[in-house]
Amino acid sequence: LLYWIVTRIIVVHVIWTWNQTCVILNGLVTVSEKQMSIIIINYNTKILTQNCIDSICLNTPDDFEYEIIVVDNSSDEKQIFPSSSAVKVTRANNLGFGHACNTGAKEANGDVLLMLNSDTLITDDSLMCAYNYLVSHEDIGILGAKLILEDKTMDHGSKRGFPTPS
């Protein structure tokens, strides 16, 4: 298991999604070849995963160094995501989302890890903005993104309020 200390949670910029979340973790990998390792978990979501990857490629500047790692937990042979030169695919036993994230993190070479759900579509230069914000604030260990629904409204379920006593 990977362990980290959360020093602050910040909501910045826009990443568009249908109903899920993404998290960027800072400081888990110290020696890197890339600025960001994007880890996507595929569990019988081959088409959504491909749409997610396409949105990353279309909306990320050419000078931003990243890698895409798909951890494939699929049980349906038709849903297994194919390997390519642009995407590293790792097959894993389906032991849950957390296990799949840790499997992807072991393969990662980036300064920053992005755990991205397969139904997420990246807009504009969201990844580069989130990365720049995170690395310029050393007091931040984890960064959550503002999630925008298909109708361009904020997904209020994607944020958590600060715990209050009952």
Side-chain angles (χ1 to χ4, degrees), residues 6 8-26 34-84 86-90 92 94 96-105 108 110 112-137 140-163:
V6 177
R8 272 173 59 190
I9 297 177
I10 303 293
V11 177
V12 296
H13 212 64
V14 175
I15 294 180
W16 180 64
T17 184
W18 284 302
N19 65 1
Q20 297 293 324
T21 60
C22 70
V23 176
I24 297 175
L25 306 175
N26 189 15
K34 305 287 184 188
Q35 290 170 289
M36 182 181 288
S37 295
I38 303 166
I39 301 165
I40 303 169
I41 311 308
N42 176 46
Y43 178 72
N44 297 333
T45 57
K46 183 178 179 181
I47 293 171
L48 290 176
T49 301
Q50 185 61 59
N51 292 342
C52 178
I53 291 169
D54 291 346
S55 76
I56 293 166
C57 296
L58 288 172
N59 292 295
T60 305
D62 293 336
D63 62 341
F64 186 70
E65 294 289 326
Y66 65 92
E67 66 180 343
I68 299 173
I69 301 167
V70 173
V71 179
D72 202 324
N73 280 347
S74 292
S75 56
D76 182 347
E77 291 296 318
K78 295 176 189 170
Q79 294 293 323
I80 293 174
F81 199 82
S83 292
S84 71
V87 178
K88 180 192 287 187
V89 177
T90 300
N94 185 10
F97 185 78
H99 180 267
C101 289
N102 287 336
T103 299
V112 171
L113 303 180
L114 168 61
M115 304 303 180
L116 191 63
N117 283 0
S118 61
D119 66 345
T120 305
L121 297 177
I122 301 300
T123 60
D124 305 319
D125 59 350
S126 301
L127 296 182
M128 192 165 165
C129 288
Y131 173 83
N132 288 337
Y133 189 89
L134 186 63
V135 298
S136 66
H137 294 83
I140 297 175
I142 188 168
L143 178 70
K146 180 178 180 183
L147 303 180
I148 304 298
L149 297 171
E150 194 169 8
D151 67 1
K152 307 293 184 205
T153 60
M154 183 176 147
D155 181 359
H156 292 283
S158 69
K159 67 173 184 62
R160 303 295 184 263
F162 200 77

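No experiment lies behind these values; they were computed from the predicted model shown.
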From [X] [atom1] over to [Y] [atom2], what is the distance, rounded to the nearest 0.5 angstrom?
{"X": "Ile41", "Y": "Cys101", "atom1": "CD1", "atom2": "SG", "result": "4.5 Å"}
{"X": "Thr49", "Y": "Leu116", "atom1": "OG1", "atom2": "CG", "result": "9.5 Å"}
{"X": "Asp155", "Y": "Leu149", "atom1": "CG", "atom2": "CG", "result": "4.5 Å"}
{"X": "Asn51", "Y": "Ile122", "atom1": "CG", "atom2": "CD1", "result": "12.5 Å"}
{"X": "Leu121", "Y": "Ile148", "atom1": "CG", "atom2": "CD1", "result": "13.0 Å"}
{"X": "Thr123", "Y": "Leu58", "atom1": "OG1", "atom2": "CG", "result": "12.0 Å"}

Just do the side-chain contact (heavy atoms from CB on, under 4.5 Å) check on Val87 and Ile40 with the steps written out, would you?
CA-CA 10 Å; Val87 178; Ile40 303 169; over 6 Å; no
According to side-chain contact (heavy atoms from CB on, under 4.5 Å), who are the partners of Asp76, at least two apart in sequence or on a separate chain?
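Here the qualifying residues are Asn44, Lys78, Gln79.
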Just jot down the side-chain contact (heavy atoms from CB on, under 4.5 Å) partners of Tyr66, sequence neighbours excluded, or say none.
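side-chain contact (heavy atoms from CB on, under 4.5 Å) check on Tyr66 returns Met36, Ile38, Ile56, Cys57, Thr60, Phe64, Ile68.
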Can you confirm whether more than 12 heavy atoms, excluding those of Ile47, are under 6.0 Å from its CD1 atom?
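Not more than 12 within 6.0 Å, no.
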Just by distance, do the side chain of Glu65 and the backbone of Gln35 share a donor-acceptor pair under 3.5 Å?
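Answer holds: no.
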Just to verify, what does Ser136 make a side chain to side chain donor-acceptor pair (under 3.5 Å) with, not counting sequence neighbours?
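Counting only residues at least two positions away or on another chain, Ser136 forms no side chain to side chain donor-acceptor pair (under 3.5 Å).
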[Y] and [X], any side-chain heavy atoms less than 4.5 Å apart:
{"X": "Asn73", "Y": "Thr103", "result": "no"}
{"X": "Tyr131", "Y": "Leu114", "result": "no"}
{"X": "Asp119", "Y": "Thr45", "result": "no"}

How close do Leu113 and Ala108 get, heavy atom to heavy atom, and via which atoms?
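Where Leu113 meets Ala108 most closely, the heavy atoms are CD2-CB, 3.4 Å.
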With side-chain hydrogen bond (donor to acceptor under 3.5 Å, both in side chains) as the test, would you mind laying out the steps for Ser74 and Asn42 before giving the verdict?
CA-CA 6 Å; Ser74 292; Asn42 176 46; 3.1 Å; yes
